[in-house]
Amino acid sequence: MNTIDKFNEHIMHTYGRYPLVMEKGEDRCCTDENGKQYIDFGSGIGVNSLGYCDDKWVEAVCAQVKSVQHTSNYYYTRVQADFAEELCGITGYSKIFFGNSGAEANECAIKIARKYSFDKYGKGRHNIITLVNSFHGRTLATLSATGQEVFHNYFFPFVEGFINVEANNIDDLKAKLDDTVCAVMMEYVQGEGGVIALDKAFVDAVYELCGAKDVLVIADEVQTGVGRTGKFLAGENYGKSADITTLAKGLAGGIPIGACLTNEKCGDVLVPGTHGSTFGGNPIACAGGLAVLERVGSDGFLDDVRVKGDYIKSRLEACGEVESVTGMGLMIGVKLKTKTAGDVSREAFENGLLLLTAKEKVRLLPPLTITREEIDRGLDILIKILEK
């Protein structure tokens, strides 16, 4: 039995998969079990931030595996302490809770917001505003928070306490930000929703209105964080720092991790017994995270991400089939005039290029370390398909 048949026989069919069995990866390319090579413009949906098997990342992870691979959170590890110190230093936050995914990080943020409000104001101030077209995860709570009706099916009853506001509609925000609301949760760039950046005026309004009411701002930076937009946090592009920020995807370079970061106001809301995670802060993930922070935080790295993003946009905007290009840094959405994103993605796959889609757009999330030569190789394939 071949790999794909064996896979399909035993694993739930919860994904629409391409017929690619990845065997190994190096730099920004992967190779299938038949030896065919692919340039990866998706980086595992933004997870492989340093590409495949970066030398220093591999050294850090392997060294940790040979030391301690896991301990429960009844005990301390130096690597988790070092990682937390570095992450707080680079982001300016006060405290961190470590989990294993973006959904878990967002669940933690929801619990912090509701407990902060309960501790200070009592019952009845528990609603969280999220944005139409948002995506926050696939657990019951984060699915309920997601502002896309297409996801609100099958799993009834959904978790109550979430109110949707139209992105960039300040009047809608004002109308719904009443005394029952404890937090506003938003992505600065809606990734799964089509790689759409929020307007600065709307973001400014969120912070101003929330600040006046002691309503917390939660920034879901699961996809936008860790340098993806050309700043370590996408909020820096708006000059803002949320009360709570969630990270995951690219934070550990390919090892499962989630992080919920809080400012001083929220740092002591959770106390023993109110939240936990068996694997959260796993030493191997923290070692991978330290390697990512060292690289992303190095001089000029984020400047280079912005330069590469601008270059990709300029080449795509010159293509006649491209209607518009959205996003920030190396988080790019491409709206097409006549072709469908799915068809383009499938043809690119056949030609050795891995792409993503988001709504009607082709989505690019290449590794942050991608070189100009690799960018050109991938864009040559993509543009040739678009110009057919």
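Positions are given from 1 along the sequence. On a predicted model such as this, the values are computed, not experimentally measured, just so you know.
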Next item on the list: Output yes when a side-chain donor or acceptor of Lys176 lies under 3.5 Å from a complementary backbone atom of Ile163, and no otherwise.
Entry: no

Margin query: I'd like to know if Arg315 pairs up with Asp380 as an ion pair, taking the criterion as any Lys NZ or Arg NE/NH1/NH2 lying under 4.0 Å from an Asp or Glu carboxylate oxygen.
Written below: yes

Next item on the list: Kindly compute the distance separating OG1 (Thr146) from CE (Met185), expressed to the nearest 0.5 Å.
Entry: 8.0 Å

Margin query: Less than 4.0 angstrom from a charged side-chain N to a carboxylate O is my criterion; do Arg372 and Asp376 meet it?
Written below: no

Item checked: ILVMFWY cluster, Val222 and Ile218 together (side-chain gap under 4.5 Å) -> no

Next item on the list: Look up atom CG in Asn48 and atom SG in Cys30, then write down how far apart they are to the nearest 0.5 Å.
Entry: 9.5 Å

Next item on the list: State which residues pass side chain to side chain donor-acceptor pair (under 3.5 Å) with Glu192; sequence neighbours excluded, sorted by chain then number.
Entry: Gln223, Arg363

Checklist line | Flag side-chain contact, heavy atom, 4.5 Å: Leu316 against Leu364 | finding: yes

Check: What pairs of residues pass the salt bridge (Lys or Arg N to Asp or Glu O under 4.0 Å) test when at least one of them lies in residues 24-49, not counting sequence neighbours?
Finding: Arg28-Glu374

Next item on the list: Establish whether Val217 and Val269 are linked, either directly or via other cluster members, by ILVMFWY side-chain heavy-atom contacts under 4.5 Å.
Entry: no

Next item on the list: Quick one: do Ile11 and Arg17 satisfy side chain to side chain contact (heavy atoms under 4.5 Å, CB included)? Show the steps, please.
Entry: CA-CA 12 Å; Ile11 294 176; Arg17 302 179 191 268; 4.2 Å; yes

Next item on the list: Any pair with a residue in residues 78-96 that passes salt bridge (Lys or Arg N to Asp or Glu O under 4.0 Å), sequence neighbours left out, goes on the list, sorted by first then second residue, please.
Entry: Lys95-Asp268

Margin query: Is it true that, when you exclude Lys265 itself, more than 12 heavy atoms of the residues, nucleotides or ligands shown sit nearer than 6.0 Å to its NZ?
Written below: yes

Next item on the list: Ignoring hydrogens and angles, tell me if any N or O in the side chain of Asn351 forms a donor-acceptor pair with the backbone of Glu347 under 3.5 Å.
Entry: yes

Notebook entry, point to check: Where do Cys319 and Glu387 come nearest, in terms of heavy atoms and distance?
Noted result: SG-CG, 3.8 Å

Next item on the list: For the residue pair Lys359 and Gln148, confirm or rule out a side-chain donor-acceptor distance under 3.5 Å.
Entry: yes

Check: Between atom CD1 of Ile257 and atom SG of Cys286, what is the distance when rounded to the nearest 0.5 Å?
Finding: 5.0 Å

Next item on the list: Indicate whether the side chain of Ser314 and that of Glu317 have a donor and an acceptor atom separated by less than 3.5 Å.
Entry: no

Item checked: Ionic contact status for Arg377 with Glu373, cut-off 4.0 Å -> yes

Check: Any donor and acceptor pair, going by atom type alone, linking the side chain of Glu187 with main-chain N or O of Leu131 inside 3.5 Å?
Finding: no

Check: Is Met328 reachable from Phe232 through a run of hydrophobic residues whose side-chain heavy atoms are each under 4.5 Å from the next?
Finding: no

Margin query: When you measure from the side chain of Thr326 to the backbone of Val195, do you find a donor-acceptor pair of N or O atoms at a distance under 3.5 Å?
Written below: yes

Notebook entry, point to check: Which pair of heavy atoms, one from Val47 and one from Gly254, lies closest together, and at what distance?
Noted result: CG1-CA, 3.5 Å

Next item on the list: Specify the closest pair of heavy atoms between Val296 and Gly227, including all atoms of both residues, with the distance to one decimal.
Entry: CG1-CA, 4.4 Å

Next item on the list: Tell me, yes or no, whether the heavy-atom count around Lys337 atom NZ, taken from other residues, nucleotides or ligands under 6.0 Å, exceeds 12.
Entry: yes

Check: Residues in ring-ring contact (aromatic ring centres under 6.0 Å, His included) with Phe98, at least two apart?
Finding: Phe83

Checklist line | Aromatic ring pairing Tyr188/Tyr238, orientation class (parallel under 30°, perpendicular over 60°, tilted between) | finding: parallel

Next item on the list: Looking only at non-hydrogen atoms, find the nearest pair between Lys361 and Gly194 and report the distance.
Entry: NZ-O, 2.9 Å

Next item on the list: Please confirm whether the backbone N or O of Gly102 pairs with a side-chain atom of His136, one donor and one acceptor, at under 3.5 Å?
Entry: no

Notebook entry, point to check: When the aromatic ring centroids of His70 and Phe279 are compared, is their separation below 6.0 Å?
Noted result: yes

Checklist line | Working for side chain to side chain contact (heavy atoms under 4.5 Å, CB included), residues Leu209 and Val215 | finding: CA-CA 8 Å; Leu209 294 168; Val215 170; over 6 Å; no

Note to self: Is it true that Thr369 and Asp54 share a donor-acceptor pair across their side chains at a distance under 3.5 Å?
What the structure shows: no

Margin query: Looking at every heavy atom in both Gly250 and Ser49, which two are closest together, and how far apart are they?
Written below: O-OG, 2.9 Å

Checklist line | Spatial distance of atom CG (Leu50) from atom CG (Leu368) [nearest 0.5 Å] | finding: 7.0 Å

Notebook entry, point to check: With sequence neighbours excluded, what pairs up with Asp119 under the side chain to side chain donor-acceptor pair (under 3.5 Å) test?
Noted result: Lys115

Check: Taking the side chain from Trp57 and the backbone from Tyr52, do they hold a donor-acceptor pair closer than 3.5 Å?
Finding: no

Item checked: Approximate separation, where rounding is to 0.5 Å, of Asp220 CG and Leu247 CG -> 9.5 Å

Margin query: Would you say that Cys260 contacts Ile244 through its side chain, given a criterion of any heavy-atom pair below 4.5 Å between the two side chains?
Written below: yes

Notebook entry, point to check: Taking C-beta and beyond as the side chain, do Met186 and Val203 meet within less than 4.5 Å on heavy atoms?
Noted result: yes

Margin query: When you measure from the side chain of Ser324 to the backbone of Lys335, do you find a donor-acceptor pair of N or O atoms at a distance under 3.5 Å?
Written below: no

Note to self: What verdict does the side chain to side chain contact (heavy atoms under 4.5 Å, CB included) test give for Lys240 and Asp204, after you've listed the backbone C-alpha separation in whole Å, the side-chain angles of each residue and the deciding distance to 0.1 Å?
What the structure shows: CA-CA 8 Å; Lys240 302 297 183 183; Asp204 289 344; 3.1 Å; yes

Notebook entry, point to check: So, do Val61 and Ile284 sit near enough that their side-chain heavy atoms are less than 4.5 Å apart?
Noted result: yes

Note to self: Using a strict threshold of under 4.0 Å (side-chain N to carboxylate O), is an ion pair present between Arg346 and Asp343?
What the structure shows: yes

Check: Which distance, rounded to the nearest 0.5 Å, do you find between the CG of Leu379 and the CD1 of Ile383?
Finding: 5.0 Å

Next item on the list: Side-chain contact test, heavy atoms from C-beta onward, threshold under 4.5 Å: evaluate it for Ser277 versus Phe97 and give yes or no.
Entry: yes

Notebook entry, point to check: For the side chain of Ser43 and the backbone of Leu365, is there at least one donor-acceptor N/O pair under 3.5 Å apart?
Noted result: yes

Check: Within a strict 4.5 Å, meaning less than it, do heavy atoms of the Ser72 and Thr278 side chains meet?
Finding: no

Checklist line | Note, Asp214 side chain near Tyr121 side chain (heavy atom, < 4.5 Å) | finding: yes

Margin query: Donor-acceptor check, side chain of Asn168 to backbone of Asp199, threshold 3.5 angstrom: yes or no?
Written below: yes

Notebook entry, point to check: Looking at the rings of Phe156 and Tyr154, which for Trp means the six-membered one, are their centres under 6.0 Å apart?
Noted result: no

Next item on the list: Indicate if Phe162 and Phe151 have the same hydrophobic cluster label, given that clusters are the connected sets of ILVMFWY residues with side-chain heavy-atom separations under 4.5 angstrom.
Entry: yes

Note to self: Could you check whether any side-chain heavy atom of Leu20 comes within less than 4.5 Å of a side-chain heavy atom of Leu354, counting everything from C-beta outward?
What the structure shows: yes

Check: For Ser94 and Asn263, which heavy atoms make the closest approach, and how far apart are they?
Finding: CB-C, 3.8 Å

Next item on the list: Indicate, with yes or no, if Val226 and Leu330 share a hydrophobic cluster defined by side-chain heavy-atom contacts under 4.5 Å among Ile, Leu, Val, Met, Phe, Trp and Tyr.
Entry: yes

Next item on the list: Could you pull out all residues at least two apart from Phe349 that satisfy ring-ring contact (aromatic ring centres under 6.0 Å, His included)?
Entry: Tyr18, Tyr38

Next item on the list: Return yes if some donor-acceptor pair links the side-chain N/O of Glu321 with the main-chain N/O of Thr338 below 3.5 Å, else return no.
Entry: yes

